[in-house]
Colleague: 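I am attaching a structure below and will ask some questions about it afterwards.
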Amino acid sequence: MWDTFFADVVVALVGAVLTVGIAYGTFRLQLRHNEKRVLRHLIWDLEHRRALSIGHPMEIPDAAIKDDYKRAGLSVVDIRDRVRQTVDQVQPKSNAQAYLSKMMASCHHYLEDSDASPNSYTFHLAELQRNLHEAVRGVASSVSGIDAGEPGSLAYSKH
């Protein structure tokens, strides 16, 4: 019995270390998979936003009292909230965090700028779309397996 004791202990320790290593590796893979899923969903949502599908920006007289202006603002608030939810679901040290922060800041800027000059809100939306697209490209370059779709590009697609 004692002649195999040390061998049995070594085998048990190696088994325990391998089990912990496999569990940790699986955990890390699952975190990465969930992060990609959440980021892909956010980008898909941005691609399908009608508010971000800006043809030719123009001054809109009395925009503050028009429904389109109000809907655009509500859409940007919803985008900001979706980005905030994504921030909460992505790992704190993820490379995507900086780009998600830029997305939130861009939404804040739109809301402030359009509130200050509502008649120019389509220009502010075009700027927001460009800023979001730049951030999406940053996410795609920093996280493998993410495509950099253009916000608003699929807003009127039949898919």
Side-chain angles (χ1 to χ4, degrees), residues 20-159:
V20 169
I22 290 170
Y24 180 73
T26 302
F27 172 73
R28 296 290 299 166
L29 284 173
Q30 187 63 38
L31 286 178
R32 234 179 283 144
H33 173 74
N34 287 340
E35 179 175 286
K36 287 179 185 182
R37 181 184 51 78
V38 169
L39 291 169
R40 283 185 190 120
H41 190 68
L42 174 65
I43 293 169
W44 183 91
D45 183 58
L46 293 174
E47 289 174 326
H48 289 83
R49 289 287 176 151
R50 288 186 298 155
L52 299 176
S53 180
I54 309 300
H56 299 288
M58 62 182 81
E59 290 286 322
I60 309 291
D62 301 320
I65 61 172
K66 298 193 175 169
D67 288 340
D68 281 346
Y69 170 77
K70 293 172 186 171
R71 278 193 293 267
L74 290 173
S75 184
V76 173
V77 167
D78 188 52
I79 291 168
R80 183 191 61 195
D81 292 344
R82 293 287 313 273
V83 172
R84 185 176 291 130
Q85 290 170 357
T86 303
V87 165
D88 292 340
Q89 295 175 0
V90 170
Q91 293 301 304
K93 293 184 180 181
S94 170
N95 295 332
Q97 286 289 4
Y99 298 106
L100 294 171
S101 294
K102 288 179 183 181
M103 288 181 187
M104 286 183 51
S106 295
C107 290
H108 289 299
H109 288 302
Y110 168 80
L111 294 169
E112 291 170 359
D113 294 345
S114 66
D115 190 45
S117 59
N119 294 350
S120 299
Y121 84 96
T122 60
F123 291 101
H124 302 307
L125 279 174
E127 180 182 3
L128 173 63
Q129 191 273 346
R130 283 190 302 273
N131 291 339
L132 290 174
H133 192 207
E134 181 182 318
V136 166
R137 285 193 305 265
V139 168
S141 70
S142 68
V143 179
S144 66
I146 302 290
D147 293 325
E150 182 177 358
S153 64
L154 300 176
Y156 296 100
S157 72
K158 300 200 185 248
H159 295 51

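These numbers come from a predicted model, not from an experiment.
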Colleague: Which atom names give the shortest non-hydrogen contact between Phe123 and Met58, and what distance separates them?
Modeller: CE1-C, 3.4 Å
Colleague: Backbone N or O of Leu46 within a donor-acceptor pair of the Arg82 side chain at under 3.5 Å?
Modeller: no
Colleague: Answer yes or no: is there a donor N or O on one side and an acceptor on the other, between the side chain of Ser117 and the main chain of Asp113, under 3.5 Å?
Modeller: yes
Colleague: Report, one line per pair, each donor and acceptor closer than 3.5 Å where one atom sits in a side chain of residues 60-69; sequence neighbours left out.
Modeller:
unit_1	atom_1	unit_2	atom_2	d
Lys66	NZ	Pro61	O	3.2
Asp68	OD1	Arg71	NH2	2.6
Tyr69	OH	Ser114	O	3.0

Colleague: How long is the straight-line distance from CZ of Arg32 back to CD of Glu35, given to the nearest 0.5 Å?
Modeller: 9.0 Å
Colleague: For the residue pair Tyr121 and Ala72, what are the closest heavy atoms and their distance?
Modeller: CE1-CB, 4.0 Å
Colleague: For the residue pair Gln129 and Leu52, what are the closest heavy atoms and their distance?
Modeller: CG-O, 3.2 Å
Colleague: Measure the OG-NE2 distance between Ser53 and His48 for me, rounded to the nearest 0.5 Å.
Modeller: 11.5 Å
Colleague: When you measure from the side chain of Gln97 to the backbone N and O of Val90, does any donor-acceptor pair fall under 3.5 Å?
Modeller: yes
Colleague: Side-chain contact test, heavy atoms from C-beta onward, threshold under 4.5 Å: evaluate it for Thr86 versus Met103 and give yes or no.
Modeller: no
Colleague: Please give me the minimum heavy-atom distance between Arg40 and Gly145, naming the atom from each residue.
Modeller: NH2-O, 2.7 Å
Colleague: Check Ile79 against Cys107 and note the closest heavy-atom contact, atom names and distance.
Modeller: CG2-SG, 3.7 Å
Colleague: Drop me the distance from Ser141's OG to Ile146's CD1, to the nearest 0.5 angstrom.
Modeller: 11.0 Å
Colleague: Is a donor on one side and an acceptor on the other found under 3.5 Å between the side chain of Glu150 and the backbone of His133?
Modeller: no
Colleague: About how many Å separate CZ of Arg49 and CG of Leu125, when rounded to the nearest 0.5 Å?
Modeller: 12.0 Å
Colleague: Ignoring hydrogens and angles, tell me if any N or O in the side chain of Ser106 forms a donor-acceptor pair with the backbone of Leu128 under 3.5 Å.
Modeller: no
Colleague: Between Arg84 and Asp88, does any side-chain N to carboxylate O distance fall below 4.0 Å?
Modeller: no
Colleague: Work out which heavy atom in Val136 is nearest to a heavy atom in Pro151; give both atom names and the distance.
Modeller: CG2-CG, 4.4 Å
Colleague: Going from CZ on Arg137 to CG on Leu132, what distance comes out if it is rounded to the nearest 0.5 angstrom?
Modeller: 11.0 Å
Colleague: With heavy-atom distances below 4.5 Å as the criterion, would you say the side chains of Gln85 and His41 are in contact?
Modeller: no
Colleague: Can you confirm whether Asp147 is buried at CG, in the sense that more than 12 heavy atoms of other residues, nucleotides or ligands lie under 6.0 Å from that atom?
Modeller: no
Colleague: I need the single residue from Val77, Val83, Val76 that forms a side chain to side chain contact (heavy atoms under 4.5 Å, CB included) with Arg80. Which is it?
Modeller: Val77
Colleague: With side-chain contact (heavy atoms from CB on, under 4.5 Å) as the test, would you mind laying out the steps for Leu42 and Leu100 before giving the verdict?
Modeller: CA-CA 10 Å; Leu42 174 65; Leu100 294 171; 3.7 Å; yes
Colleague: Got Asp115 and Leu111 here, is their nearest side-chain heavy-atom distance under 4.5 Å?
Modeller: no
Colleague: Under a 4.5 Å cut-off applied to non-hydrogen side-chain atoms, are Lys36 and Leu39 in contact?
Modeller: no
Colleague: Would you say CD of Glu59 has more than 12 non-hydrogen atoms from neighbouring residues, nucleotides or ligands within 6.0 angstrom?
Modeller: yes
Colleague: Looking just at side-chain N and O atoms, do His33 and Arg37 make a donor-acceptor pair shorter than 3.5 Å?
Modeller: no
